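Written out below as structure tokens is the structure these notes cover.
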Amino acid sequence: MRALVKSAAGPGLEMRDVPEPAMSLNDVRIGVERTGICGTDLHIESWDPWAARTIQTPLIVGHEFVGRVLEVGANVTDLEPGDLVSGEGHVVCGRCRHCRAGRWHLCANTVGLGVNRDGAFAEQVVLPVTNVWHHWPGVDPEVAAIFDPFGNAVHTALSFPVLGEDVLVVGAGPIGLMAAAVARHAGARYVVVSEPNPFRRELATRMGATRVVDPGKETLADVQRALGMVEGFDVVLEMSGNATAMRDALVHMAHGGGMAILGIPTDEITIDMAKVVFNQLTLRGIYGREMYETWYQMSVMLQSGLDIRPVITHRFAAGDHEAAFAAARGGDSGKVIMDWTE
Ligand code: NAD
Ligand code: ZN
């Protein structure tokens, strides 16, 4: 089969012919139809220090996908060939304290699809049945391809109650954009999105932001005044990984506010901890999605009218992976999709 492979330590990816993945009793073989490019894939492609520390080659990359079941292992009874599915990219151990308690997202032994085991940028991928999400009827197949980052957005946006609250989204990358749409759908009053890139600010407006901010030109205090906000933001969704942006958000929060942090900083960040104490703030780190409550929430919000399709800005055949990666890296993009069916 065709697969996009990191063959050896160093930059680049290669489209190669590789053997089809092996199956065991509890596995599902999936014919991949569409995949989404994530920041993680860009890190692996460029071979940054994190990738050099983390990745064992050769590795098939990618974890955002939708496809159809081709074959199920002997123990799998609830899926059939032809079913439309995506995969939860965190393969948990099933044995640790949290797994045994049903808190799979807290497993400390998580193995990442396309990071620590062969991924989904291929004509086929094999996953344990416990990692397979069977899509509900009516789901848009392109939206289904990005359930993984959509899940990051939902898990972050719903970490603190947002109904009637004023929400600040820091960073309008694909995940921040989807989080803005989710916060709006979930009943926030104001959804302010801070983002230096004008293309992404424009996209944030299309996805339901009530106000966008260029952090280089306007202060959050000015925006709060213009909106008539008396206290600070009740909820901050940190989606940038940027130290200055995080510190700035922190001092513009309401007393008792919550900050859900998904953005991954490259270095340590110093924050004003006295603000956290005196203003009684809650900072919460978010990794991945909740299995499978987040997947349920995504499915029901799509059924109740949430539209995240504007986040998909570019589509390429898998063979044009270099152009697809360039579009994703360029920044004037939302989500970039590759089609494996051509
Ligand atoms: P992205 O890099 O496309 O988006 C980050 C955005 O932040 C960019 O648009 C950038 O212009 C913006 N930004 C930079 N400086 C800013 C500033 N000072 N103020 C406001 N915005 C600023 O990434 P993404 O794919 O949307 O992911 C968002 C973040 O979440 C990334 O840091 C990513 O590594 C991380 N992530 C975390 C998880 C997890 O499970 N915790 C999963 C996926 C991604
Ligand atoms: Zn575990």
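Starting from 1, each residue takes its place in the sequence as its number. Since the structure is predicted, the reported quantities are computational estimates derived from the model, not experimental observations.
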*Looking at CZ of R189 and CD of E165, how far apart are the two atoms once the value is rounded to the nearest 0.5 Å?*
9.0 Å
*Give the minimum heavy-atom separation between I60 and A122, together with the two atoms involved.*
CG2-CB, 4.1 Å
*Out of curiosity, does L203 fall in the hydrophobic cluster containing L262 (side-chain heavy atoms, cut-off under 4.5 Å, transitive links)?*
no
*Should V235 and M301 be regarded as members of a common hydrophobic cluster, given that ILVMFWY residues are connected when their side-chain heavy atoms come within less than 4.5 Å of each other, either directly or indirectly?*
no
_Stepwise side-chain contact (heavy atoms from CB on, under 4.5 Å) check, V18 with M1_ = CA-CA 5 Å; V18 301; M1 65 170 189; 3.8 Å; yes
*Examine M23 and V129 and state if one hydrophobic cluster contains both, with Ile, Leu, Val, Met, Phe, Trp and Tyr joined whenever side-chain heavy atoms are less than 4.5 Å apart.*
no
*Carboxylate-amine/guanidinium contact K217 D214, below 4.0 Å*: yes
_Joint hydrophobic cluster, L158 plus I146, side-chain heavy atoms closer than 4.5 Å_ = yes
_Checking F147 against H135 for the ring-ring contact (aromatic ring centres under 6.0 Å, His included) test, could you report, in this order, the C-alpha distance in whole Å, the side-chain angles of both residues, the deciding distance, and whether it holds?_
CA-CA 10 Å; F147 256 49; H135 283 291; 4.6 Å; yes
_Student check: side-chain heavy atoms of N197 and D332 closer than 4.5 Å_ = yes
*Can you measure from CG (D41) to CD (E45) and round to the nearest 0.5 angstrom?*
9.5 Å
_Counting C-beta onward and ignoring hydrogens, is there a side-chain heavy-atom pair between R200 and S333 closer than 4.5 Å?_
yes
*More than 12 foreign heavy atoms under 6.0 Å from CD of E14: is that the case here?*
yes
*Measure from the side-chain N and O atoms of N131 to the backbone N and O of H90, and report whether any donor-acceptor pair falls under 3.5 Å.*
yes
*Kindly indicate whether the side chain of M246, heavy atoms from C-beta on, has any atom under 4.5 Å from the side chain of M259.*
yes
*Quick check: are there more than 12 heavy atoms from other residues, nucleotides or ligands sitting under 6.0 Å from CD of E231?*
no
_Measuring only between side-chain heavy atoms, which start at C-beta, is V300 closer than 4.5 Å to W136?_
yes
_Any donor-acceptor pair under 3.5 Å from N279 side chain to L281 backbone_ = no
*Residue R103 excluded, over 12 heavy atoms near CZ under 6.0 Å*: yes
*Does a side-chain N-to-carboxylate-O contact under 4.0 Å join R247 and D272?*
no
*asked:* Return the CH2 to CD distance between W133 and E88, rounded to the nearest 0.5 Å.
replied: 11.0 Å
*Taking all atoms of both residues into account, what is the closest heavy-atom pair of A186 and V162, and its distance?*
CB-CG2, 3.5 Å
_Can you confirm whether V154 sits close enough to R289 that some side-chain heavy atom of one is under 4.5 Å from a side-chain heavy atom of the other?_
no
*asked:* Keeping Y190 on the side-chain end and F233 on the backbone end, is there a donor-acceptor pair under 3.5 Å?
replied: no
*Taking T219 for the side chain and D222 for the main chain, is one N or O donor matched with an acceptor at less than 3.5 Å?*
yes
*side-chain contact (heavy atoms from CB on, under 4.5 Å) with L168: which of L220, D234, L237, V191?*
L220
*Spatial distance of atom CE (M298) from atom OG (S86) [nearest 0.5 Å]*: 8.5 Å
_I need the minimum non-hydrogen distance between A249 and V170, along with the two atoms involved._
CB-CG2, 4.0 Å
*Verify same cluster id: V125, V115 (apolar side-chain graph, 4.5 Å)*: yes
_NZ-SG distance between K335 and C38, expressed to the nearest 0.5 angstrom_ = 5.5 Å
*Go through R201 and V193 one step at a time and tell me if the side-chain contact (heavy atoms from CB on, under 4.5 Å) criterion holds.*
CA-CA 8 Å; R201 281 201 304 276; V193 177; over 6 Å; no
*With a cut-off of 6.0 Å (strictly less than), are more than 12 heavy atoms of other residues, nucleotides or ligands near CZ of R206?*
no
*Any idea which heavy atoms bring P174 and G334 closest together, and the distance?*
CG-O, 3.6 Å
*asked:* Are T35 and E64 packed together at the side-chain level, in the sense that at least one heavy-atom pair is separated by less than 4.5 angstrom?
replied: no
*Side-chain donor-acceptor pair present, H185, S304, cut-off under 3.5 Å*: yes
_For H314 and F316, take the angle between the two ring planes, folded into 0 to 90°, and tell me which bin it lands in: parallel under 30, tilted 30 to 60, perpendicular over 60._
parallel
*Any salt bridge between R315 and D339, counting N to O under 4.0 Å?*
no
*Closest non-hydrogen atom pair between E33 and L84, with its separation*: OE1-CD1, 4.2 Å
*More than 12 heavy atoms from other groups under 6.0 Å of CD on E20*: yes
*Taking all non-hydrogen atoms of both residues, which atom of P11 and which atom of K6 are closest, and how far apart?*
C-NZ, 3.7 Å
*Going by heavy atoms in the side chains, are S46 and R329 under 4.5 Å from each other?*
yes
*For H155 and Q297, what are the C-alpha separation, side-chain angles and deciding distance, and is it a side-chain contact (heavy atoms from CB on, under 4.5 Å)?*
CA-CA 9 Å; H155 186 17; Q297 291 171 324; over 6 Å; no
*Indicate whether the side chain of E238 and that of S240 have a donor and an acceptor atom separated by less than 3.5 Å.*
yes
*Does the side chain of V85 reach to within under 4.5 Å of the side chain of L127, using non-hydrogen atoms?*
no
*If you round to the nearest 0.5 Å, how far is CZ of F325 from CD of E322?*
10.0 Å
*Would V139 and V66 count as a side-chain contact (heavy atoms from CB on, under 4.5 Å) if you check the C-alpha gap in whole Å, the side-chain angles of each, and the deciding distance to 0.1 Å?*
CA-CA 11 Å; V139 69; V66 66; over 6 Å; no
*On the 0 to 90° scale, with breaks at 30° and 60°, tag the H43-W50 ring pair as parallel, tilted or perpendicular.*
perpendicular
